2 protein chains.
Amino acid sequence: MATLKDIARALDLSITQVSRALNDHSDVNEETRLRVKATARAMNYHPNASARKLVSGRSGMVGLVVPQYRNIGQDRLFMEVVAGLSTQFSGRGMQFVLHMMAEHEPALPVYQKLIGTAMLDGFVLIDPMEQDPRIDFLRKAGICFVVHGRSGKVIDYPYFDIENEQLAYDLTAHLTQRGHRRIAFLNGRADRSYVTVREQGYLRALRDGRGEVLPHLHLNGDMDEAHGLTDTIRLFSGDAPRPTAIVCGNVRLARGVYQGLEALGLSVPGDVSVVAHDDELPALRASAFFPSLTVTKSPLRDSWEPLADCLAGAIEGKPLGTLQRLGSYSFIERNSVASL
Amino acid sequence: MATLKDIARALDLSITQVSRALNDHSDVNEETRLRVKATARAMNYHPNASARKLVSGRSGMVGLVVPQYRNIGQDRLFMEVVAGLSTQFSGRGMQFVLHMMAEHEPALPVYQKLIGTAMLDGFVLIDPMEQDPRIDFLRKAGICFVVHGRSGKVIDYPYFDIENEQLAYDLTAHLTQRGHRRIAFLNGRADRSYVTVREQGYLRALRDGRGEVLPHLHLNGDMDEAHGLTDTIRLFSGDAPRPTAIVCGNVRLARGVYQGLEALGLSVPGDVSVVAHDDELPALRASAFFPSLTVTKSPLRDSWEPLADCLAGAIEGKPLGTLQRLGSYSFIERNSVASL
DNA sequence: CGGTTTTCCCGAAACGTTTCGGAAAACATA
DNA sequence: TATGTTTTCCGAAACGTTTCGGGAAAACCG
């Protein structure tokens with residue numbers, strides 16, 4: 001491996017000047033800079049990340065820590081995250097590193113160890129809980145991170161998020177405006193922060209639109225087809241008042257809801273209206289539903305670039321204001337809603 | 001972060017002696033060693049991987065580089081690899097790091113860069129091709145690696161593999177011994193080394209058992225249900241002589257074969273006998289087939305431990321002889337084969 | 001021409017660890 | 001007493017990089 005010393009010797013320069021030339025410092029002759037960069041390339045020089053990290057505190061590596069949960073193999077979403085972030089950081093000349101925890105391993109010690117060895121410049125946190133302990137932990141440790149979503153009340157850290165409250169409001173309001181009063185909400189798992197936020201939007205829309213607030217119509221769980229199906233069956237069984245419309249946290253849930261309604265002999269939108277939020281994961285297109293599905297849409301794949309931006313910015317020490325981003329979404333009306 | 005210096009100061013020892021104590025060197029008083037280790041734990045000391053790597057050449061991190069191919073999201077196998085290796089290396093106090101390449105990015109420059117920055121101690125290579133260029137490249141660069149499988153003729157590197165030649169032989173011979181003469185083989189993609197090796201076993205068994213060697217009965221392709229289905233339809237269409245038995249490279253292929261045969265109105269094993277190799281991936285059990293499937297079985301999940309062993313051993317400089325392992329497999333006879 | 005600024009460069013220190021080559025002390029051997 | 005041996009320790013160098021503080025020479029200014 002070629003080192004700075006090798007280049008310096010070859011060009012009869014000091015190590016200092018070679019380093020400064022390669023890092024585009026100001027006080028180096030333009031012609032020298034070019035010569036240095038040329039020979040660096042010719043000698044196939046790559047800066048030693050360990051040495052660099054040791055002195056400057058930066059290695060150019062960032063990490064993602066994920067738990068190894070049971071269904072991760074089928075989890076299309078997870079691969080999206082890894083592929084998307086990996087690509088983004090590669091494009092910035094950084095290394096993206098995935099660390100998978102054992103199934104029920106506690107997360108904090110893992111971060112502890114990773115921080116202790118000081119190999120990484122920062123972390124991407126996905127799937128934040130309400131009051132996520134990782135955030136406190138990393139902040140106290142003084143490590144850079146960016147959160148996909150927002151957690152807790154004090155939001156003084158870099159994040160990328162979409163307006164989950166407003167999105168749930170819009171979906172629900174779309175239904176109240178068409179006369180629906182009993183609207184079910186198939187939400188995600190109750191411990192996730194975005195789930196709480198969406199619930200607030202749902203409730204606000206019900207209040208604004210004179211919808212009925214019925215606890216049994218708000219359901220939490222994994223947002224997959226199976227839950228969409230079983231939740232639907234449950235909603236339309238028993239004596240409790242039944243909904244005339246269903247808001248789904250994602251399109252996978254909606255797919256299950258469609259199946260459940262079909263099994264029950266109910267039609268969309270004749271008997272029940274359905275709307276959903278669409279992350280635009282591949283292999284499940286809301287427009288290809290029959291009848292096609294009305295959604296709020298914000299492609300998940302638009303998250304990776306701002307996330308990488310924010311983390312890279314945080315590592316460079318940019319001010320917090322530039323490191324908090326909100327993604328937009330669009331409302332797409334299709335054929336899955338009827339007026340009452 | 002606590003450093004060696006902090007511990008040394010706290011115990012009024014030299015940095016040298018603290019380092020030696022922590023690394024279990026011989027010339028340190030037993031009582032001192034204990035004292036050092038105790039305070040290290042108390043101060044929550046973790047050795048700085050960068051500093052260590054810089055001087056000793058070891059960071060305790062190993063990597064896996066994977067291409068980001070189209071269907072990786074559905075690829076249960078891929079997650080098995082990541083989860084399995086991650087767990088194994090964690091258990092050895094090492095960090096396992098995943099690097100995902102862009103979809104058609106050439107691999108060698110990625111390794112080049114990863115090696116150049118010198119953050120990793122070694123690599124795990126999966127899915128080797130015949131004469132895989134990565135092997136030559138890493139060997140020339142002097143980087144440790146272990147291969148899941150074997151590639152090329154000169155096998156002078158650490159690997160873990162199963163006896164693919166013999167396994168294909170056994171499956172095929174099981175059929176010739178029961179009177180089958182026209183035996184199809186649904187093999188993997190032609191560029192993989194294990195595919196070539198299995199083909200050799202298949203052909204050897206045909207020769208030994210007086211089977212017919214018919215090129216149109218040996219098919220290559222992705223080993224998924226879709227290919228099993230379409231290959232089966234193809235085998236039983238047209239004028240070419242049809243097989244009486246099918247050997248499948250894995251259970252997913254066999255699932256497709258069963259579906260294809262059912263669609264064609266052919267019964268297993270009445271009309272066609274089927275055998276397969278079983279990697280024991282979750283969610284697809286050969287014993288749950290109807291009729292239950294005769295297989296050679298060697299669980300893929302048994303690979304991760306020897307792979308990690310071999311790579312860790314290579315990094316420690318153990319001799320090559322201890323770093324080459326062969327996994328075993330078992331033959332399980334069930335109800336998918338009939339005698340002619 | 002004297003003084004000031006600008007341009008370009010360099011030596012040395014530092015980061016946290018491992019390791020080489022001793023070396024003091026205690027103890028045994030002759 | 002002199003000589004070796006073992007035990008336990010330490011100073012200093014090294015790994016490859018960045019960066020601080022300076023400094024020589026050239027260019028500019030009045």
Side-chain angles (χ1 to χ4, degrees), chain A residues 1-37 40 43-61 93 115-121 142 315-317, chain B residues 1-37 39-40 43-61 93 113 115-121 142 315-317:
Chain A
M1 284 299 106
T3 69
L4 284 186
K5 206 198 287 189
D6 300 326
I7 303 180
R9 198 164 23 215
L11 293 173
D12 199 29
L13 280 171
S14 72
I15 294 178
T16 304
Q17 207 57 2
V18 174
S19 170
R20 299 179 66 82
L22 289 174
N23 293 322
D24 287 322
H25 281 241
S26 58
D27 60 353
V28 35
N29 190 318
E30 189 54 32
E31 187 248 334
T32 312
R33 185 200 317 286
L34 262 40
R35 257 171 57 224
V36 169
K37 288 200 172 176
M43 298 176 78
N44 193 24
Y45 170 79
H46 295 266
N48 183 307
S50 300
R52 169 179 282 183
K53 173 90 194 175
L54 203 52
V55 55
S56 73
R58 302 232 199 113
S59 65
M61 305 182 92
I115 292 169
T117 63
M119 299 246 56
L120 302 175
D121 294 348
I315 291 169
E316 285 167 24
Chain B
M1 285 299 103
T3 68
L4 284 185
K5 206 198 287 190
D6 300 326
I7 304 180
R9 198 165 23 217
L11 292 173
D12 199 30
L13 280 172
S14 72
I15 294 178
T16 304
Q17 207 56 3
V18 174
S19 169
R20 300 180 66 82
L22 289 174
N23 293 322
D24 286 324
H25 281 239
S26 58
D27 59 352
V28 35
N29 191 320
E30 190 53 31
E31 187 248 336
T32 313
R33 186 199 318 286
L34 262 41
R35 259 172 55 226
V36 169
K37 289 200 172 178
T39 36
M43 298 176 79
N44 192 24
Y45 169 78
H46 294 266
N48 182 307
S50 300
R52 168 179 282 184
K53 173 88 193 175
L54 203 53
V55 56
S56 73
R58 302 231 199 114
S59 63
M61 306 181 91
K113 207 186 302 179
I115 293 171
T117 63
M119 299 246 56
L120 302 174
D121 294 348
I315 290 168
E316 286 167 21

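Every chain is numbered from 1, with letters handed out A, B, ... down the list of sequences. Quick caveat: nothing in here was measured; it's all calculated off a predicted structure.
Look at CD1 on I15(A): it is 10 Å from C1' on dG11(C), rounded to the nearest Å. If you measure from atom CG of D24(B) to atom C1' of dT18(C), you get 15 Å, rounded to the nearest angstrom. With rounding to whole Å, N48(B) atom CG is found 14 Å from dG16(D) atom C1'. Residue R52(B) contributes atom CZ, which lies 18 Å from atom C1' of dG16(D) at whole-angstrom precision. If you take CD of Q17(B) and P of dC10(D), they are 6 Å apart, rounded to a whole angstrom. Taking atom CG of L11(B) as the reference point, atom C1' of dC10(D) lies 15 Å away to the nearest angstrom. Per the geometry, CG belonging to L54(A) stands 14 Å off P belonging to dC15(D), to the nearest Å. The separation between H25(A) atom NE2 and dT18(D) atom C1' is 8 Å, rounded to whole Å.
For residues 1-10 of chain B, proximity to DNA chain D is found at no residue, defined as any non-hydrogen atom under 4.0 angstrom from a strand atom.
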Side-chain donor-acceptor pairs under 3.5 Å in residues 7-15 of chain B, sequence neighbours left out?
unit_1, atom_1, unit_2, atom_2, d
R9(B), NH2, D6(B), OD1, 3.0
S14(B), OG, Q17(B), N, 3.1

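Atom CG of D27(B) and atom CZ of R20(B) lie 4.0 Å apart (nearest 0.5 Å). With rounding to the nearest 0.5 angstrom, the CG atom of N48(A) is 9.5 Å from the OG1 atom of T3(A).
Using a distance-only test at 3.5 Å, with no hydrogens or angles considered, a donor-acceptor pair links the side chain of N29(A) to the main chain of E31(A). For the pair S59(B) (side chain) and A49(B) (backbone), a donor-acceptor distance under 3.5 Å is absent. Side chain of K53(A) to backbone of L120(A): a donor-acceptor contact under 3.5 angstrom is found.
Along DNA chain D, the nucleotide nearest to V18(B) and the one nearest to H46(A) differ in position, and the one closer to the 5' end is contacted by V18(B). Residue order along DNA chain D, read from the 5' end via each residue's closest nucleotide, puts E30(B) first among A51(B) and E30(B).
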Open item on the list: side-chain contact (heavy atoms from CB on, under 4.5 Å) for V28(B) and V36(B)? Distances and angles first, verdict last.
Closed with: CA-CA 10 Å; V28(B) 35; V36(B) 169; over 6 Å; no
TODO: Walk me through it: do L22(B) and K37(B) pass the test side-chain contact (heavy atoms from CB on, under 4.5 Å)?
DONE: CA-CA 6 Å; L22(B) 289 174; K37(B) 289 200 172 178; 4.2 Å; yes
Open item on the list: Using the rule given for side-chain contact (heavy atoms from CB on, under 4.5 Å), can you reason through Y45(B) versus T39(B), listing the C-alpha separation, both sets of side-chain angles and the distance that settles it, and then say yes or no?
Closed with: CA-CA 8 Å; Y45(B) 169 78; T39(B) 36; over 6 Å; no
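The shortest side-chain heavy-atom distance between H46(A) and M1(A) does not fall under the 4.5 Å cut-off.
Side-chain N/O atoms of S19(B) include none lying less than 4.0 angstrom from OP1 or OP2 on dT17(C). For T32(B) and dC9(D), the shortest distance from a side-chain N or O to OP1 or OP2 is below 4.0 Å. In this model, the phosphate group of dT8(D) is approached by a side-chain N or O of N29(B) to a distance below 4.0 Å at OP1 or OP2.
Between dT18(D), dC10(C), dT17(C), one nucleotide has an atom nearer to the side chain of N23(A) than all others, and that is dT18(D). Set against dT17(C), dC10(D), dG16(D), the side chain of L13(B) has dC10(D) as its closest nucleotide.
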- [ ] Going 5' to 3' through nucleotides 20-26 of chain D, assign each nucleotide B (protein heavy atom under 4.0 Å from a base atom), S (under 4.0 Å only from sugar-phosphate atoms) or - (no protein heavy atom that close).
- [x] B------
